[in-house]
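What follows is one structure encoded as structure tokens, with my remarks underneath.
On a predicted model such as this, the values are computed, not experimentally measured, just so you know.
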Amino acid sequence: MDWLSSLLDMMPVSGRLEIRCLYGAPWRIAYDPSAAGEIPYHVVLEGTAVLKDPAGGPPQHLKAGDILLLPTGAAHILHDGSGAPPAQAQYRAGMNQTISENAGTGDRLDLLCGRFILTPPHGRLMGAYLPARLIVRGVARGRPSATATALGAQLANLVALMRAESDNESLGGQAMLNAFSAALFTLTLRRASESNEAPAGLLALAGHPRLAPALSAMFHKPAHPWTLPELAGLCNMSRATLARHFQERLGHSANDLLLDIRMTLASNELKNPARSTAAVSEMVGYQSEAAFQRAFKQHMGMSPAQWRRAAAATG
């Protein structure tokens, strides 16, 4: 499998479309921090929106076709940009989602809002390798490559399907919308990784063709005792150059990423009561069970046995 398929195989993501906002300006929506393992998303179908950064960063302007993800589940505010007091929103239950409307008479907004859901501890790990705010543009800036153009068309087609299903409110529509939401996560990450504006993190690393062999190797053979010189050799570059690219683009070292991959696989395997800790240890590249237990506890904040019990209690 490619690296993104491998990642999502380790960290399955489900999706849920929750609210469709049909507003006239002035309007404003404030979101509290999401629960652990939840990634809010917004899809602008029509109109424009302004994303306010609660931390004081510059606002981001969203247009029709743009998709916003908040991988860390951070609090955020969307508004129309006028600064006027927002019109009161009313909510009504649709067949497959909640509809939110207001009495604003200004420029119209049509917005799909939902969330992606990951099982513990995958939300924390995903948040560590994706930006706090990920915006994928419906219309690529500059001169997009043929691949980027094709991906943009795929994403636009998926959004069109979501919009049509939301409009129809047919039998089984909620299941369809949730399935489309899960596909939206994968396609959004694919599109972002191919963009010339890929943000720092895993997407920026994946968008660097020369680093692809190292990334694929770690995902496909995580138990192998990879060394930096060995990974650098796969990429036909020096050890120092590889280390610099990882730190600049990913914000973490290659060893950090490999450890996260191994611990993610281990946390999944430990949920299986038939799989011994020793077997899991060997599967993720540890010759010593004691060394694995130390690494797991340091990384996860609990021992493998405690993780098993916690996973069984919540499963």
Close side-chain approach of [X] to [Y], heavy-atom, < 4.5 Å:
| X | Y | result |
| --- | --- | --- |
| T186 | V13 | no |
| D256 | F246 | no |
| I67 | V159 | yes |
| L62 | R137 | yes |
| V280 | L265 | no |
| L130 | L189 | yes |
| L8 | F185 | yes |
| Y23 | L111 | no |

- Message: Apply side chain to side chain contact (heavy atoms under 4.5 Å, CB included) to residues T277 and R308 and explain how you reach the verdict.
- Response: CA-CA 10 Å; T277 302; R308 278 190 196 274; 3.7 Å; yes
Gap between atom [atom2] of [Y] and atom [atom1] of [X] - 0.5 Å precision:
| X | Y | atom1 | atom2 | value |
| --- | --- | --- | --- | --- |
| M162 | L45 | CE | CG | 8.5 Å |
| W226 | L231 | CH2 | CG | 6.0 Å |
| C235 | R210 | SG | CZ | 8.0 Å |
| T48 | L78 | OG1 | CG | 11.0 Å |
| H299 | F292 | NE2 | CZ | 11.0 Å |
| L270 | S276 | CG | OG | 9.5 Å |

Indicate the atoms forming the closest heavy-atom contact of [X] with [Y], along with that distance.
| X | Y | result |
| --- | --- | --- |
| L242 | A232 | CD2-N, 3.5 Å |
| L118 | G123 | CB-N, 3.9 Å |
| L17 | S181 | N-OG, 3.6 Å |
| C21 | C113 | SG-SG, 4.0 Å |
| S267 | M300 | CB-CE, 4.4 Å |
| K271 | A311 | CG-CB, 3.8 Å |

Between [X] and [Y], is any side-chain donor less than 3.5 angstrom from a side-chain acceptor?
| X | Y | answer |
| --- | --- | --- |
| D9 | S6 | no |
| S166 | Q97 | yes |
| S82 | D80 | yes |

For [Y], is there any backbone N or O sitting under 3.5 Å from a side-chain donor or acceptor partner on [X]?
| X | Y | value |
| --- | --- | --- |
| N102 | G24 | yes |
| R163 | L112 | no |
| S193 | R190 | yes |
| R309 | P304 | no |
| R262 | V284 | yes |
| T98 | I19 | no |
| D110 | L22 | no |
| H76 | A74 | yes |

- Task: Run through R92, R108, R20 and flag the one making a salt bridge (charged side-chain N to carboxylate O under 4.0 Å, His left out) with E101.
- Result: R92
- Task: Kindly check if the number of other-residue, nucleotide or ligand heavy atoms within 6.0 Å of CD (E38) is above 12?
- Result: yes
Please tell me whether [X] and [Y] are part of a single hydrophobic cluster in this structure, the criterion being side-chain heavy atoms less than 4.5 Å apart.
| X | Y | value |
| --- | --- | --- |
| M95 | F180 | no |
| V44 | F116 | no |
| L187 | M126 | yes |
| W27 | Y31 | yes |
| L70 | Y41 | no |

- Message: Is there a side chain to side chain contact (heavy atoms under 4.5 Å, CB included) between N255 and L228? Walk through the geometry before answering.
- Response: CA-CA 8 Å; N255 283 337; L228 200 56; over 6 Å; no
- Task: Begin from the C-alpha positions of N268 and H122 and carry the test side chain to side chain contact (heavy atoms under 4.5 Å, CB included) through to its verdict.
- Result: CA-CA 10 Å; N268 289 341; H122 304 329; 2.9 Å; yes
- Task: Name the orientation class of the two ring planes belonging to W3 and F219 (parallel below 30°, tilted from 30 to 60°, perpendicular beyond 60°).
- Result: tilted
- Query: Which of parallel (below 30°), tilted (30 to 60°) and perpendicular (above 60°) describes H252 and Y129?
  - Reply: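 Rings of H252 and Y129: tilted, 30 to 60°.
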- Message: Working note: I261 + L257, criterion side chain to side chain contact (heavy atoms under 4.5 Å, CB included); need CA distance, chi angles, decisive distance, verdict.
- Response: CA-CA 6 Å; I261 293 172; L257 177 59; 4.0 Å; yes
